[in-house]
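Below is one structure, written out as structure tokens; comments come after it.
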There are 2 protein chains.
Amino acid sequence: MLIFELMKNQNDIAVYLNQHGIKKTAFRVELLDLFFSNSSLTQEEIKEQIKETKNKVTIYRALEAFEKKGIIHKVPDINNVMRYALCQVGCCSEEAHTHNHIHFICKSCKSTYCIEEVKIPNINLPEGYQKEGVRLTVEGVCPRC
Amino acid sequence: MLIFELMKNQNDIAVYLNQHGIKKTAFRVELLDLFFSNSSLTQEEIKEQIKETKNKVTIYRALEAFEKKGIIHKVPDINNVMRYALCQVGCCSEEAHTHNHIHFICKSCKSTYCIEEVKIPNINLPEGYQKEGVRLTVEGVCPRC
DNA sequence: ATTACAAACGCAACTTAGTTGTGTTAAAAA
DNA sequence: TTTTTAACACAACTAAGTTGCGTTTGTAAT
Ligand SMILES: [Mn+2]
Ligand SMILES: [Mn+2]
Ligand SMILES: [Zn+2]
Ligand SMILES: [Zn+2]
């Protein structure tokens with residue numbers, strides 16, 4: 001289920017935040033709202049589009065809180081800049097992030113997509129390696145470009 | 001074939017650099033030599049261990065040259081810091097990097113390994129996505145830890 | 001409604017990765 | 001030996017991300 005099917009208005013967003021133990025400040029409501037219309041965001045892009053604050057620290061601390069509560073997750077960019085994207089509803093929580101989808105980065109428009117339809121295949125490592133997490137990123141051209 | 005089987009002494013290293021159109025300066029010989037004894041290196045780690053220069057720019061430009069010539073390749077770190085590792089002999093060149101192995105990052109000792117034995121599986125993307133490159137990174141604990 | 005507490009905010013100051021330009025040095029080709 | 005060009009060093013810069021601290025504000029208890 002996609003999260004934005006649940007979010008009809010600002011009030012729903014505030015409730016969603018409260019359910020995750022996050023206070024509904026004007027900025028954090030606006031930030032979560034912004035994630036509904038963007039497949040992924042960098043701190044920079046957020047600063048450009050958000051009205052409620054221009055403070056980098058405030059943005060980073062909100063992102064940190066959202067991630068810890070299982071609302072968003074990190075996606076490494078093509079240039080090693082961190083991007084952030086929504087988690088599926090019910091997928092992640094304060095206890096653990098459980099998604100195992102791949103990420104697609106468009107070389108043309110620089111968008112980053114969470115491709116839920118494509119799961120990360122099982123990887124068999126050589127003797128002695130203990131696997132704890134896997135990241136799989138595909139680069140190329142997205143359908144819109 | 002592993003590159004360090006070929007490199008018996010400093011002179012072999014110099015020849016190898018020249019074959020790739022890179023001048024044999026004391027620093028670049030020392031740098032290439034350093035890669036033989038390290039599974040991967042960051043700019044920072046290089047600066048700590050190299051005697052011939054402490055200049056960040058010199059290091060970055062050497063890494064850039066090595067990568068362009070197909071001698072080393074980039075590996076994104078767990079914290080989005082770039083690491084660098086040797087390419088297999090005959091695998092890559094000035095024309096193209098052709099490796100498709102996975103990378104393993106040890107959470108304990110922070111080492112990054114190129115695991116040549118494990119190839120990146122084929123990924124089938126949804127309609128409309130054009131694949132150009134794939135990165136697969138596994139995090140966990142390495143055999144030595 | 002008032003109060004009390006913790007979460008969130010804003011500001012300043014900092015660290016570190018990575019880049020760009022320019023003049024100088026030195027390796028290799030002519 | 002001379003010429004060419006890659007490589008180097010230095011300074012100055014951009015941008016990501018972090019830390020500490022005093023202030024403000026949301027929320028829940030009284
Ligand atoms: Mn994702
Ligand atoms: Mn590798
Ligand atoms: Zn695109
Ligand atoms: Zn290890």
Side-chain angles (χ1 to χ4, degrees), chain A residues 10-11 13-34 40-48 50-69 71-84 94 110 112, chain B residues 10-11 13-34 40-48 50-69 71-84 94 110 112:
Chain A
Q10 301 281 90
N11 193 52
I13 292 174
V15 169
Y16 189 73
L17 287 176
N18 270 328
Q19 283 171 347
H20 286 83
I22 292 171
K23 288 182 182 172
K24 66 158 239 289
T25 65
F27 161 59
R28 292 192 173 195
V29 170
E30 193 188 357
L31 178 61
L32 184 49
D33 202 16
L34 191 63
S40 71
L41 291 161
T42 61
Q43 166 264 144
E44 175 88 281
E45 291 165 356
I46 292 167
K47 198 163 59 183
E48 286 166 4
I50 283 271
K51 302 214 172 55
E52 278 297 329
T53 190
K54 291 294 161 195
N55 190 297
K56 197 170 48 169
V57 178
T58 301
I59 296 170
Y60 276 118
R61 287 188 174 142
L63 292 170
E64 189 183 27
F66 283 16
E67 198 204 356
K68 192 153 60 183
K69 299 296 182 173
I71 298 174
I72 62 173
H73 61 280
K74 289 183 185 173
V75 191
D77 196 356
I78 194 170
N79 293 316
N80 263 6
V81 175
M82 269 305 172
R83 306 192 68 87
Y84 299 84
E94 181 147 27
K110 309 295 176 195
T112 297
Chain B
Q10 301 281 91
N11 193 52
I13 292 174
V15 169
Y16 189 73
L17 286 176
N18 270 328
Q19 283 172 349
H20 286 83
I22 292 171
K23 287 181 184 172
K24 64 158 240 289
T25 65
F27 161 59
R28 292 191 175 196
V29 169
E30 192 187 0
L31 177 61
L32 184 49
D33 201 16
L34 191 62
S40 73
L41 290 162
T42 62
Q43 166 264 143
E44 175 89 279
E45 291 165 356
I46 291 167
K47 198 162 59 182
E48 287 166 2
I50 282 271
K51 302 216 173 54
E52 277 297 329
T53 191
K54 291 293 161 196
N55 191 296
K56 197 169 47 169
V57 179
T58 302
I59 295 170
Y60 275 117
R61 287 189 173 142
L63 291 170
E64 190 183 27
F66 283 16
E67 197 205 357
K68 193 154 58 182
K69 299 295 183 174
I71 298 174
I72 62 174
H73 61 280
K74 290 183 185 173
V75 190
D77 196 356
I78 194 170
N79 293 317
N80 262 6
V81 174
M82 269 305 170
R83 306 192 68 86
Y84 299 85
E94 181 148 26
K110 308 296 177 194
T112 298

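Per chain, numbering begins at 1; letters A, B, ... match sequence-line order.
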Original post:
Is the shortest heavy-atom distance from the side chain of L34(A) to the side chain of L41(A) under 4.5 Å?
Top reply: yes

Subject >> Whole-Å distance separating the NZ atom of K24(B) from the C1' atom of dA7(D) >> reply: 13 Å

Original post:
Got a sec: does the NZ of K24(A) have more than 12 other heavy atoms crowding it under 6.0 Å?
Top reply: no

**OP:** Side-chain contact test, heavy atoms from C-beta onward, threshold under 4.5 Å: evaluate it for F66(A) versus L17(A) and give yes or no.
**Re:** yes

Polar atom pairs between nucleotides 11-15 of chain C and protein, under 3.5 Å, N or O only, would you list them?
none

Original post:
Expressed in angstrom and rounded to an integer, what is the separation of E52(A) atom CD from dA8(C) atom P?
Top reply: 15 Å

Original post:
Got more than 12 heavy atoms from elsewhere within 6.0 Å of NZ, K51(B)?
Top reply: no

**OP:** Kindly give the heavy-atom pair with the smallest separation between T53(B) and N55(B), and that separation in Å.
**Re:** OG1-N, 3.1 Å

Original post:
Do you know which two heavy atoms are closest between K54(B) and E48(B), and how far apart they sit?
Top reply: NZ-O, 3.8 Å

Original post:
Which heavy atom in S40(A) sits nearest to a heavy atom in R83(A), and how many Å separate them?
Top reply: OG-NE, 2.8 Å

Subject >> Verdict with reasoning, I50(A) to I59(A), per side-chain contact (heavy atoms from CB on, under 4.5 Å) >> reply: CA-CA 10 Å; I50(A) 283 271; I59(A) 296 170; 5.8 Å; no

**OP:** Looking only at side-chain atoms of T25(A), point me to the closest of dG26(D), dG17(D), dC8(D).
**Re:** dG26(D)

**OP:** Take the C1' atoms of the five end pairs on each side of the helix from dA1(C)-dT30(D) to dA30(C)-dT1(D), derive the two axes, and give their angle rounded to 10 degrees.
**Re:** 30°

**OP:** Identify whether any heavy atom of N80(B) sits under 4.0 Å from a base atom; if not, whether one sits that close to sugar-phosphate; answer base, sugar-phosphate or nothing.
**Re:** nothing

Subject >> Rounded distance (Å) that lies between atom P of dT14(D) and atom NZ of K47(A) >> reply: 13 Å

Original post:
Whole Å only: how far is the CD atom of Q19(A) from the C1' atom of dG26(D)?
Top reply: 17 Å

Original post:
For the pair made of CD in Q43(A) and P in dT14(D), what is the distance, rounded to whole Å?
Top reply: 16 Å

**OP:** Classify the nucleic acid contact of T53(A) as base, sugar-phosphate or nothing, counting any heavy atom under 4.0 Å across all strands shown.
**Re:** sugar-phosphate

**OP:** Find the distance M82(A):CE to dG18(C):C1' and express it as a whole number of Å.
**Re:** 17 Å

**OP:** Identify the two heavy atoms, one from R28(A) and one from A62(A), that lie closest to each other, and give their separation to 0.1 Å.
**Re:** NH2-CA, 3.6 Å

Original post:
Between Y84(A) and K74(A), does a side-chain contact (heavy atoms from CB on, under 4.5 Å) hold up when you go through it step by step?
Top reply: CA-CA 5 Å; Y84(A) 299 84; K74(A) 289 183 185 173; 3.6 Å; yes

**OP:** May I have the distance from K54(B) (atom NZ) to dC10(D) (atom C1'), rounded to whole angstrom?
**Re:** 17 Å

**OP:** Nearest 0.5 Å please: distance from the CD1 atom of I13(B) over to the CD atom of E30(B).
**Re:** 10.0 Å

Could I get a table of every N or O pair under 3.5 Å where one atom is in the protein and the other is in nucleotides 3-7 of chain C?
unit_1 : atom_1 : unit_2 : atom_2 : d
dA6(C) : N3     : K23(A) : NZ     : 3.2
dA7(C) : O4'    : K23(A) : NZ     : 3.0

Subject >> E94(B) CD - dA6(D) C1' separation (whole Å) >> reply: 14 Å

